[in-house]
Each structure stands twice: as C-alpha cells, then as structure tokens.
Amino acid sequence: MRQTSRFSGILSTHKSWRCAAWSLVLCSTTLSVRARAELNTTVPVETFAMPYEAHAKAILSRLSLPEKIGQMIQAEIINVEAAMSAGQHPLRDLNIGSVLSGGDSIIQPNTPESWRRELGRLQDEALASSARLPLLIGVDAVHGHGLVRGSTVFPHNIGLGASRDPELLRQIGAAVAAEVLTTGFNWTFAPAVTVARDARWGRTYESFGSSPELQQILVKPYILGLQETAVGQQTLVATAKHFLGDGGTTWGTGVPSATTAVPQIDRGDTRGDLEALLAVHAQGYKQAIAADVNTVMASYSSINGQKMHGNRQLLTDYLKKPIDQGGLGFQGFVISDWNAIDELETPGVSDPLHRYQAQLVQAVNAGVDMIMVFGQLTLADGSSDHEFRFTRVHQLLADAVEKGLISPARIDDAVGRILRIKIKSGLINTDGTVTAMTPVIAKDKFGGTAHRELARKAVRSSLVLLKNADHTLPITKQKYRTLCVAGAKADDFGVQAGAWTMGWQGTLGNGLKAPEARTVLDGLTTMATTRGITVEFAANGEFAGADCRTGDASLTLAVVGETPYAEFKGDSNALFLSAEDLDTLAKARSRHGPMAVVLISGRPLVITDQLPSWQSLVAAWLPGSQGEGVADVLFGDFDFRGRLPQTWPATMAQLPATDHDTGLFPFGFGLSY
Ligand code: BGC
Ligand code: BGC
C-alpha cells in the first residue's frame, strides 16, 4: 500500500479508468454474460466488410480510453503467467494488446503443442476482455523459430548476407512464417535490417553485413516471404529493426551493463552527419517498407547523443511521414524494444514512477505506438514495485492523457495503426470475426523435411572459401584415405546454432538437438562414409589413428570459432581464437598432412598469425541446425558461392573496417573451386 500512496501523487483517481482497469466484473454487465472464447473458435467482433483502414476506425470508435491504452501494451508472457497464477487477469482486465516471449521466456515442455495450448489460453483471456480483441504474440524468430525445440534453425543473418541470394531469402521467410504461426505466435521481431559496421559489436551476426547494398537486395524478399505466407487465415507480422543506426554505434559509447562496467558498443551512439547516416542505415527500411512491413522496432542506441526511443524527428517526421513529403511512408506501427524506454533521459525527474511516466510520454509523443515491457520497476528505496510494468504503463499513460501530456489524437493514431495490423494479418477478419489461433500443427509446417532441406541449402550458399592452397579442398577419395576432424565445435549443435536458440544467449552441446538436426561432424561423417573415406574425430585435436598422426593420405579438418553470445554480452575488443581452440589446432597440427579450417563464428576473427599454417580456410558463420550443408560443399557436391559480407580485418586496429578497406580479405571476397 505504501507504493500505492506514493503513486497516487501523480495519478489522479479517475473513476472511468479505475472501472475499466480494475473492477471490470463489477462495472461491466456484458463481461459476465459473454461466453469465454474457446481455442480454435471465432468470436464476433463487428460486421464490416470494408478495407482494413475503415474497419480499424470502426473498432477504434467503440473503444474507451483504457481499452485503447491496453492495446498499446506488450507484456512479457512470463509476467502475465505469474499474474495469472496469482489469480489476476491482466490480459482481460487491462485489454492488453500484445504479449511476447523474450529470449529466455520458454515454457516447459518446450514443444509446439504446449506453446499452442498456452498461447491459446492467453488468446482466450484477451478475447474475454471488454475490447474483445485478439493478441499479437511476438517472438524473436530471428533465424528460424529458434525458441521452440525441434524447429528448423537457419543460418544467422550474417551467413544469409554472404549468400546474396534474394530468392533463398524469400523461401526462408516463408518457412519461418509457417513454423512460427503453427505454434500460435503471430509476430516475429525480425529481420534486423541493421548495417553492422563494426565487428566488435555483439550483434554483428544479426545483420546481413556491413554494406547497405546487402540490405538493398535481401530485406524486401525476406519480409515478403515472412508476411505473405498464410497458415489458416493468418499471416505473420514481421519487424524491421532496430530503427535507426543500431549497427553504426561507436566503440566506447555503449551502455554499461551488469556484464561490462566499461562502456563498449551495444546500445551506443551512432555519430555523424544525419544525411550521411541515413544513406547507410535507412536503406534497409526503404526496402522493408516497400515490402509493406507491418512493424518497426526502435533501437536502444542513440544518434548524435539522442536516444532513438525519444527521437520524434526520425520516428515520426521521417519514418511515418508520406514519401512525397520526404518521409519513408511507413504505415504500420512502432514497437519499443525490451524496457528500452527506461533508458530515456528525464532531467530533473528522479522519483521512479514520475520518471517512468515522463519516459512513456516522451516515447509515445516521439512516435512509439506499442510499449514492450518486462518485470517491475525499482522504487526509490531500492525495493521492487509490487506491480508489473504492464500495469504501470496502463495507469501512467491513462493519467498522461488525462493531464494533456499526450493527446487523444496521438493515442488514436497509435491504436489505429495497431488495429490495422491486426486486421491486415488476419487476426481480425473483415467478415467481423476474430481468429485467435491457427489450425493444428502439421509436421510439414514445423521442423519438417522441406524446411530442413532449405536450411541445408542456405548453409551451402553461405559458406565463404577464403583460402584453398594446393587444391586442398574438395575432399575426395583420390586425395584422402582418412578425414581427421579436430575440435569440439565440429560436433556442437549449440555452437553452430548460435544465440537466440532455446535461450537468449543460446546453449552449448547437443542436449537440445532435434533428431533431424545435424552437426557439422554428422554431415562430414555421413558424406565420408558414402565415399569410402574413414573419419577420425578428436575433440581436443589429439588423434589416435596412424593416418591422422602421420598425415599420411589424410586431411586434418579443424573446426574452431566462437561460442554463442547475444547483444552486449558479445561486445569484444579481442576477436581472436580462444586458448582452447589454439591448443586444439596446435595438437592437430603435430604432423605433416594438409590442414583445412572451418570457422564457426558470428563475425570475422583475427586469424592473421595462424593462416600461413592452414592450407584452406572456410568461413561457415553460424549455420544453424543443418550442419550437413558444410559437408555438401567441402566434398565438392556443390561449389562455394558465398562472398564476404564484411571486410575481414588483419588486426583489431583495423576495426571498424569500411567496405572499401582491404583488410586481410576485402568485402565481397570469396573463392570457388
Ligand atoms: C532486443 C530485441 C529483441 C527484444 C525482445 C531486445 O533486447 O534488442 O532485438 O527483439 O529484446 O526479445
Ligand atoms: C531477454 C531477451 C531480451 C534481453 C534484453 C533477456 O532476458 O530474454 O529477450 O532481449 O533480456 O536485455
């Protein structure tokens, strides 16, 4: 109660608001008589056979202010479930418009069926609200539906950037859409249309590469693929992120975090002349909007010192302004990033609730339409607020409108945009019904053979051959009797999938590997066996067999690289092979045959000193679940097609490297057989 009285200082107690937000059962007579919506049933909403713009306006006109504000909130599923376990009904009582599962928000058992059941339960809750509107349910399907066990995991974007293959991207988009929709989610926070300029950034692999020419060719087909594929009546909502300039931040300007007290680069400041910055970082958005992308996520980062979540000039006057008026003409809605509004500056306001309200006002007035929130605020005395942020957002936004800090027209604009996307994506039908869930799971839609074949093809297309002295590759029976595979990373699903796979930071090992997934070693072994080549695997590089020890008629293939990381946890000013990998390489090298190296990493690593002792080098990026695509190319069934999506630096001092720098290997470099 202490918090309530502290809070009442800024919150005027408006009857209508309290009624809608807290005492629905008492205030509303309609709720008690309305049947609870069941999974897979449709519930009448309105009867308008109009284009979705008019339909959205019609819905908007029947919503109260609290109902509208609820639509602007995206709550974390973990928090919603916690509240529901405590007997509360936030989705119903606050008319919350959207929920998300963040990178670590995983239900158990982690199966498509249990996700469908749980997400269906949440849709039921939302449909039982006074607004009777279904939820947009978001997830970071950034390289396939990586959160859900058994999904097809595609290469991370950096590898797709190396492929430079628009048609491949369109097909992957369609496959991801099917996998996501099938489990009951209807929104992916992808793709990052980021132009990653500095490999020291922990999100480099989320980008197609460092030159906007890659975003220009790949973003549109990918978004078309993601948004055009229907499962049942629903299509997926895609997100172009993180607006704007997330990949251009300057080393040393990042936001210090629990893991790094020293500012690094993630969430940092992108500096320079605005026109010049737009020429690089806006290209992906132009393509995304040409593909009619439904949402744009604002970036944690700043431009010339101004946080993007408060940047009205770019979020509204540029992004949403019609093209003929010099804007980008974006017609969807803007979602904030995870608790990102908490990072907005509020000079002179220190009380946590006042501060949070000021941050909300700033973001919404700047152009943020929906607020992504997790957890609770920390109060002035250091204790945790007893309310979840989603409740505070509802209260504080309603209060801000009452106080004239946000105009009703701005709220209508935001909610109108959200409703249009709910209609456009098939969540709300033009015949006046609501479709809460997609049809039942079909194996071909989730982790099936066709998707895995596509992922395998994507791996083949993404590999970049950087060195191949003396025709060491391809691996043939004529050249080699034995293939000596060194390095634990050759047989590690978690490593090759990378982060955003069943965990924000990813995992290590094969514990979560689906039966249909293949490690690089699996693929090499199968391929070698069919060709009559013997395989010896030594995780630490210490081979036992004679061929591998002497180098006689054998090829040593070392698989080394990075272990998974996401966001600021991956910021690094020392992009070198680990001591463990160097040790494996040293052991594997202790004889005379040729050595080929496959590097699994989200970005170039500085390998200048090691390269002379390797006959071949292949950059495999973060290939995902179908590691057999590596063997397809190493054994010569397919040629190398990938080209470097970033300049490969010879030294750390060369970072950030531009597309014009030569580095160790220049941007666009890639050999073939
Ligand atoms: C990331 C976003 C992501 C969101 C939800 C944030 O930390 O920056 O890219 O979509 O979390 O998981
Ligand atoms: C969540 C991610 C989110 C990140 C933000 C993690 O705990 O799982 O989804 O992007 O926090 O820092």
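One is the number of the first residue; the rest follow in order along the sequence.
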Short side-chain donor-acceptor distance under 3.5 Å, [Y] and [X]:
{"X": "T529", "Y": "T526", "result": "no"}
{"X": "Q215", "Y": "Q283", "result": "no"}
{"X": "S425", "Y": "T235", "result": "no"}
{"X": "T194", "Y": "D246", "result": "yes"}

Does the side chain of [X] reach to within under 4.5 Å of the side chain of [Y], using non-hydrogen atoms?
{"X": "L617", "Y": "I607", "answer": "yes"}
{"X": "I77", "Y": "L100", "answer": "no"}
{"X": "L214", "Y": "V219", "answer": "no"}
{"X": "P474", "Y": "F635", "answer": "no"}
{"X": "V176", "Y": "F154", "answer": "yes"}
{"X": "F208", "Y": "L169", "answer": "yes"}
{"X": "T188", "Y": "T239", "answer": "no"}
{"X": "D104", "Y": "I78", "answer": "no"}

Would you call [X] and [Y] a salt bridge, taking side-chain N to carboxylate O under 4.0 Å as the test?
{"X": "E562", "Y": "R603", "value": "yes"}
{"X": "R456", "Y": "D632", "value": "yes"}
{"X": "D637", "Y": "R531", "value": "yes"}
{"X": "K241", "Y": "D140", "value": "yes"}
{"X": "R452", "Y": "E628", "value": "no"}
{"X": "R203", "Y": "D571", "value": "no"}

Flag yes if more than 12 heavy atoms outside [X] fall under 6.0 Å of its [atom1] atom; otherwise flag no.
{"X": "K220", "atom1": "NZ", "answer": "no"}
{"X": "Q505", "atom1": "CD", "answer": "yes"}
{"X": "R549", "atom1": "CZ", "answer": "no"}

Check whether any side-chain N or O of [X] sits under 3.5 Å from a backbone N or O of [Y] as a donor-acceptor pair, and report yes or no.
{"X": "Q227", "Y": "N294", "answer": "yes"}
{"X": "S210", "Y": "R197", "answer": "no"}
{"X": "E179", "Y": "T152", "answer": "yes"}
{"X": "N186", "Y": "L135", "answer": "yes"}
{"X": "D547", "Y": "T482", "answer": "no"}
{"X": "R149", "Y": "A514", "answer": "no"}
{"X": "D266", "Y": "F568", "answer": "yes"}
{"X": "D522", "Y": "T519", "answer": "yes"}
{"X": "D198", "Y": "W201", "answer": "no"}
{"X": "D337", "Y": "H242", "answer": "no"}

Shortest non-hydrogen contact from [X] to [Y]?
{"X": "L147", "Y": "S101", "answer": "CD2-CB, 3.7 Å"}
{"X": "A650", "Y": "V606", "answer": "O-CG1, 3.2 Å"}
{"X": "L622", "Y": "V495", "answer": "CD2-O, 3.9 Å"}
{"X": "G184", "Y": "R116", "answer": "N-CG, 4.2 Å"}
{"X": "V598", "Y": "A620", "answer": "CG1-CB, 3.8 Å"}
{"X": "M595", "Y": "A558", "answer": "SD-CB, 4.3 Å"}

For residues 465-472, dump all side-chain donor-acceptor pairs below 3.5 Å to protein atoms at least two apart in sequence or in another chain.
from : atom 1 : to   : atom 2 : distance (Å)
K467 : NZ     : L611 : O      : 3.1
K467 : NZ     : W614 : O      : 2.7
N468 : OD1    : T472 : N      : 3.4
N468 : OD1    : L473 : N      : 3.0
N468 : OD1    : S616 : OG     : 2.7
N468 : ND2    : L473 : O      : 3.1
T472 : OG1    : A469 : O      : 2.7

State the [atom1]-[atom2] distance between [X] and [Y], to the nearest 0.5 angstrom.
{"X": "S151", "Y": "M502", "atom1": "OG", "atom2": "CE", "result": "6.0 Å"}
{"X": "L575", "Y": "L605", "atom1": "CG", "atom2": "CG", "result": "6.0 Å"}
{"X": "Y673", "Y": "F640", "atom1": "OH", "atom2": "CZ", "result": "4.0 Å"}
{"X": "D581", "Y": "N540", "atom1": "CG", "atom2": "CG", "result": "12.0 Å"}

The side-chain contact (heavy atoms from CB on, under 4.5 Å) partner of Q496 among P155, P564, P623 is P623
Which is it for Q171 and E167 under the side chain to side chain donor-acceptor pair (under 3.5 Å) test, yes or no, and what are the steps along the way? CA-CA 6 Å; Q171 291 170 4; E167 183 50 33; 3.2 Å; yes
The ring-ring contact (aromatic ring centres under 6.0 Å, His included) partners of Y480 (sequence neighbours excluded) come to none
Check against side-chain contact (heavy atoms from CB on, under 4.5 Å), E206 and H143:
CA-CA 9 Å; E206 295 190 57; H143 63 146; over 6 Å; no
Q. Looking at the rings of W621 and Y205, which for Trp means the six-membered one, are their centres under 6.0 Å apart?
A.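 No: the rings miss the under 6.0 Å criterion.
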Test of ring centre spacing under 6.0 Å for F185 and W187:
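Between W187 and F185, which both carry aromatic rings, the centre distance is not below 6.0 Å.
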- Message: Does R460 qualify as a cation-pi partner of F638, given the criterion of NZ or CZ under 6.0 Å from the six-membered ring centre and within 45 degrees of its axis?
- Response: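 Flagged: R460 positioned over aromatic ring of F638.
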For E580 and V560, run side-chain contact (heavy atoms from CB on, under 4.5 Å): C-alpha distance rounded to whole Å, both residues' side-chain angles, the deciding distance at 0.1 Å, then the answer.
CA-CA 9 Å; E580 191 192 341; V560 293; over 6 Å; no
Aromatic rings [X] and [Y]: how do their planes relate, parallel, tilted or perpendicular, breaks at 30° and 60°?
{"X": "W504", "Y": "W500", "result": "perpendicular"}
{"X": "H145", "Y": "F446", "result": "perpendicular"}
{"X": "W338", "Y": "F374", "result": "parallel"}

Practice task
Before giving the answer on side-chain contact (heavy atoms from CB on, under 4.5 Å), spell out for W115 and T111 the whole-Å C-alpha distance, their side-chain angles and the decisive distance to 0.1 Å.
Solution key: CA-CA 6 Å; W115 279 106; T111 62; 5.9 Å; no
Does the side-chain contact (heavy atoms from CB on, under 4.5 Å) test come out yes or no for V142 and F189, once each step is laid out? CA-CA 7 Å; V142 298; F189 305 126; 5.6 Å; no
Walk me through it: do S105 and E76 pass the test side chain to side chain donor-acceptor pair (under 3.5 Å)?
CA-CA 8 Å; S105 168; E76 230 293 345; 3.1 Å; yes
